[in-house]
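One structure below.
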Amino acid sequence: MRGYYLHVPFCRHKCLYCDFFTAGHRLADWDSFTRAAIGEMAARLPIFNEESDRASAGKESTIYFGGGSPSLLPPEHFRALADCFLNAARSELREFTVEVNPEDVTEESAALWKSAGATRISMGIQSLVDSELKSIGRRHTADRALRAFEILRKEFSNISVDLIFGLPGQTEKTLSQTLEGFISLRPEHVSAYSLMYEERTALTALRDSGRIEPVEETSSLRMFEMISGKLAEEGYQQYELSNYSLPGKESIHNSSYWKRTPYLGIGPSAHSYNGTNRRRANRPDLFAYLRQGWSPEMVEEEILDSDQLREEMIMTGLRMREGIDLVEFEIKFGKRAMETLIKEATPFMSDKFPEGPAAMLAEGHLSLTRRGIMIADEIIAALF
Ligand code: SF4
């Protein structure tokens, strides 16, 4: 599997909690951006293909337009970028996702995304309670989000929706309202994230000045349990810590990140991985990217040593329901490292805890149980 990611670095407004690399809509020079992204793809694709072949990545591929707000791309620019990525991904495309905001969804835009080749939509709804949406600076309303979903459903049979829990003012009752609304839409996939107070965001400044009160950690944990319990009842599998899907509808593109297959990130601040030991990141310099186009000097490269690779495999493996493949782990890091991993994990497999074991060994995989998911950070840290 090989992934192709486009980072579209423009948004209509900055949401209060967002620390992604984005600029205001008014700065969107779509001609320059599209030209630079297509130029970057042409320059980097041969090396990416060579490295992916070397990593035995197979020919199947995925495309993901994220950001930022790819749903702001004007039609001709969207088509040009979609064509460029489809050519790069060649014929064995498994999935082409576009991230959209509810306020950008119209009958015309949905038809455009579909006809340009997209097969899956990921929509940032976050909550179906207007006061909660307002508290994090989202511009849509619950009604607008529901209408957008209805429009998308006419074109797409694979839709993911994002939910954020632990929002200022959110209670278990209002979360339940959002969950009920989501379930009634029957999306194929739900991503549910806990609200993070990232450094240098407006939301963190509001918290620090006492103007908003964060939800208590215990309450946030109960919300997480409520989401996983309710979605499980409705037939959604929690295949990753924050991701739930109907059977067979897991995000293929995002699963590749957790399975560490190669991906090529195009656009300012986009990250790439060569499938073995090199990570690359484009510097987040929008003006240079728009003015000069992409150049090799924009790339920062990190070569991962064996300890870093082992820690990554533990971290990403335990985030997934299927867990760490112990045969693969042994091939990569040796028998001794595998035995140490199992030894360190053994205390978490004990059934002496009243709530049952936190980790388990089954079919050659080490994975977390439902209880383990709640204390995943603690377990991962212990296994490093
Ligand atoms: S729409 Fe998404 S990327 Fe843009 S500011 Fe809001 S959270 Fe950030």
Side-chain angles (χ1 to χ4, degrees), residues 1 3 5 17-18 20 62-67 70 94-101 118-128 145 149 152 156-167 175 178-179 181-183 185-196 220-261 263 271 273 312-325 359 365-377 379-380:
M1 189 68 65
Y5 173 80
Y17 58 97
C18 180
F20 295 144
T62 57
I63 298 174
Y64 196 103
F65 282 9
R94 295 276 312 278
E95 184 183 274
F96 179 175
T97 303
V98 183
E99 268 179 12
V100 309
N101 288 323
T119 60
R120 181 174 180 271
I121 294 291
S122 172
M123 180 158 63
I125 296 183
Q126 320 307 1
S127 163
L128 288 174
F149 191 93
L152 289 170
F156 292 93
S157 58
N158 196 356
I159 303 177
S160 176
V161 292
D162 284 0
L163 175 156
I164 301 182
F165 62 95
L167 297 169
L175 174 61
T178 293
L179 272 175
F182 274 32
I183 286 162
L185 298 172
R186 200 75 184 154
E188 283 65 35
H189 188 279
V190 179
S191 297
Y193 301 103
S194 163
L195 179 67
M196 303 301 287
S220 187
L221 202 60
R222 276 202 307 277
M223 289 180 182
F224 177 71
E225 285 175 17
M226 193 174 146
I227 293 166
S228 41
K230 184 75 191 154
L231 290 176
E233 269 170 35
E234 297 294 330
Y236 290 85
Q237 296 176 335
Q238 186 172 11
Y239 69 100
E240 197 268 348
L241 282 185
S242 308
N243 288 282
Y244 306 78
S245 78
L246 293 176
K249 295 294 183 181
E250 297 87 359
S251 161
I252 305 173
H253 185 87
N254 289 344
S255 298
S256 320
Y257 293 151
W258 305 315
K259 290 179 179 166
R260 300 165 314 283
T261 55
Y263 53 87
H271 289 243
Y273 175 53
E312 278 197 2
M313 192 167 172
I314 292 172
M315 193 159 61
T316 52
L318 288 183
R319 285 190 66 92
M320 293 186 301
R321 192 170 58 111
E322 66 189 54
I324 302 168
D325 181 332
H365 286 72
L366 172 67
S367 59
L368 299 184
T369 62
R370 205 164 148 70
R371 173 174 166 261
I373 287 173
M374 303 295 165
I375 53 165
D377 288 348
I379 301 177
I380 290 168

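Everything numeric here is computed off the predicted structure, so don't read it as measured data. One is the number of the first residue; the rest follow in order along the sequence.
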Residues pairing under salt bridge (charged side-chain N to carboxylate O under 4.0 Å, His left out) where one sits in residues 237-247, two or more places apart or in two chains, turn out to be Glu240-Arg319

Heavy-atom nearest pair, Thr178 first then Ser127, reads OG1-OG, 3.6 Å

d(Asn243 CG, Ser255 OG) to nearest 0.5 Å is 8.0 Å

Side-chain touch Phe165/Leu163, heavy atoms, less than 4.5 angstrom: yes

Are side-chain heavy atoms of Ile121 and Ser160 found at a separation under 4.5 Å? no

Q. If we only count heavy atoms from C-beta on, is the Lys259 to Met313 side-chain gap below 4.5 Å?
A. no

Relative to the ring of Tyr257, is the ring of Tyr263 parallel (under 30°), tilted (30 to 60°) or perpendicular (over 60°)?
perpendicular

Practice prompt. Start with the C-alpha distance between Thr261 and Tyr273, add both sets of side-chain angles, then the distance that settles side chain to side chain contact (heavy atoms under 4.5 Å, CB included), and finish with yes or no.
Written response: CA-CA 8 Å; Thr261 55; Tyr273 175 53; over 6 Å; no

ask   = So, Tyr64 versus Glu95: side-chain donor-acceptor pair below 3.5 Å or not?
value = no

What one should report as the nearest heavy-atom pair of Ser367 and Gly323 is CB-CA, 3.7 Å

Leu128 and Gly181 have their tightest heavy-atom pair at CD1-CA, 3.6 Å

Met1 and Ile252, any side-chain heavy atoms less than 4.5 Å apart:
yes

- Message: Ignoring hydrogens and geometry beyond distance, is a side-chain donor-acceptor pair present between Tyr239 and His189 at under 3.5 Å?
- Response: yes

Distance col, row Met374:CE vs Thr369:OG1, nearest 0.5 angstrom, shows 9.0 Å

Sequence neighbours excluded, the answer for salt bridge (charged side-chain N to carboxylate O under 4.0 Å, His left out) partners of Glu312 is Arg279

Interatomic distance, CE@Met320 vs CG@Asn254, rounded to 0.5 Å, equals 12.0 Å

### Message
Can you confirm whether more than 12 heavy atoms, excluding those of Phe20, are under 6.0 Å from its CZ atom?
### Response
no

Please test Asn158 against Thr119 for side chain to side chain contact (heavy atoms under 4.5 Å, CB included), starting from the C-alpha separation and ending with a verdict.
CA-CA 7 Å; Asn158 196 356; Thr119 60; 5.9 Å; no

Sorted by chain and number, sequence neighbours left out, side-chain hydrogen bond (donor to acceptor under 3.5 Å, both in side chains) with Arg94 holds for Glu60

> Taking side chain as C-beta onward, heavy atoms only, is Ile227 less than 4.5 Å from Tyr236?
Replying inline: no

Review point. Ignoring hydrogens and geometry, is there a side-chain-to-backbone donor-acceptor pair from Glu225 to Ser228 under 3.5 Å?
Key: no

Residues passing the salt bridge (charged side-chain N to carboxylate O under 4.0 Å, His left out) test with Glu188, sequence neighbours excluded, are Arg153

### Distance-only side-chain donor-acceptor flag, Thr316 / Arg260, under 3.5 Å
yes

(message) A side-chain contact here means heavy atoms from C-beta on lying under 4.5 Å apart; do Thr97 and Phe65 qualify?
(response) no

When every non-hydrogen atom of Phe182 is compared with those of Asp162, the smallest separation belongs to CZ-O, 3.6 Å

With sequence neighbours left out, the residues meeting side chain to side chain contact (heavy atoms under 4.5 Å, CB included) with Asp325 are Val327, Glu328, His365

When rounded to the nearest 0.5 Å, the distance separating CD1 of Ile373 from CZ of Phe224 is 6.0 Å

Correct closest heavy-atom pair for Pro187 and Ile159 would be CB-O, 3.6 Å

Counting C-beta onward and ignoring hydrogens, is there a side-chain heavy-atom pair between Ser191 and Tyr193 closer than 4.5 Å?
yes

How far apart are the C-alpha atoms of Ile314 and Leu318, what are their side-chain angles, what is the distance that settles it, and do they pass the side chain to side chain contact (heavy atoms under 4.5 Å, CB included) test?
CA-CA 6 Å; Ile314 292 172; Leu318 288 183; 4.1 Å; yes

The side chain to side chain contact (heavy atoms under 4.5 Å, CB included) partners of Ile183 (sequence neighbours excluded) come to Lys230, Leu231, Glu234

Distance col, row Leu175:CG vs Arg222:CZ, nearest 0.5 angstrom, shows 11.5 Å

Item to complete: Walk me through it: do Tyr244 and Gln237 pass the test side chain to side chain contact (heavy atoms under 4.5 Å, CB included)?
Response: CA-CA 5 Å; Tyr244 306 78; Gln237 296 176 335; over 6 Å; no

Residues Ala145 and Ile125: closest non-hydrogen pair is CB-CG2, 3.8 Å

To the nearest 0.5 Å, atom CG of Leu368 lies from atom CD1 of Ile375 at 8.5 Å

Would you mind reporting whether Leu246 and Arg186 have side-chain heavy atoms less than 4.5 Å apart? yes

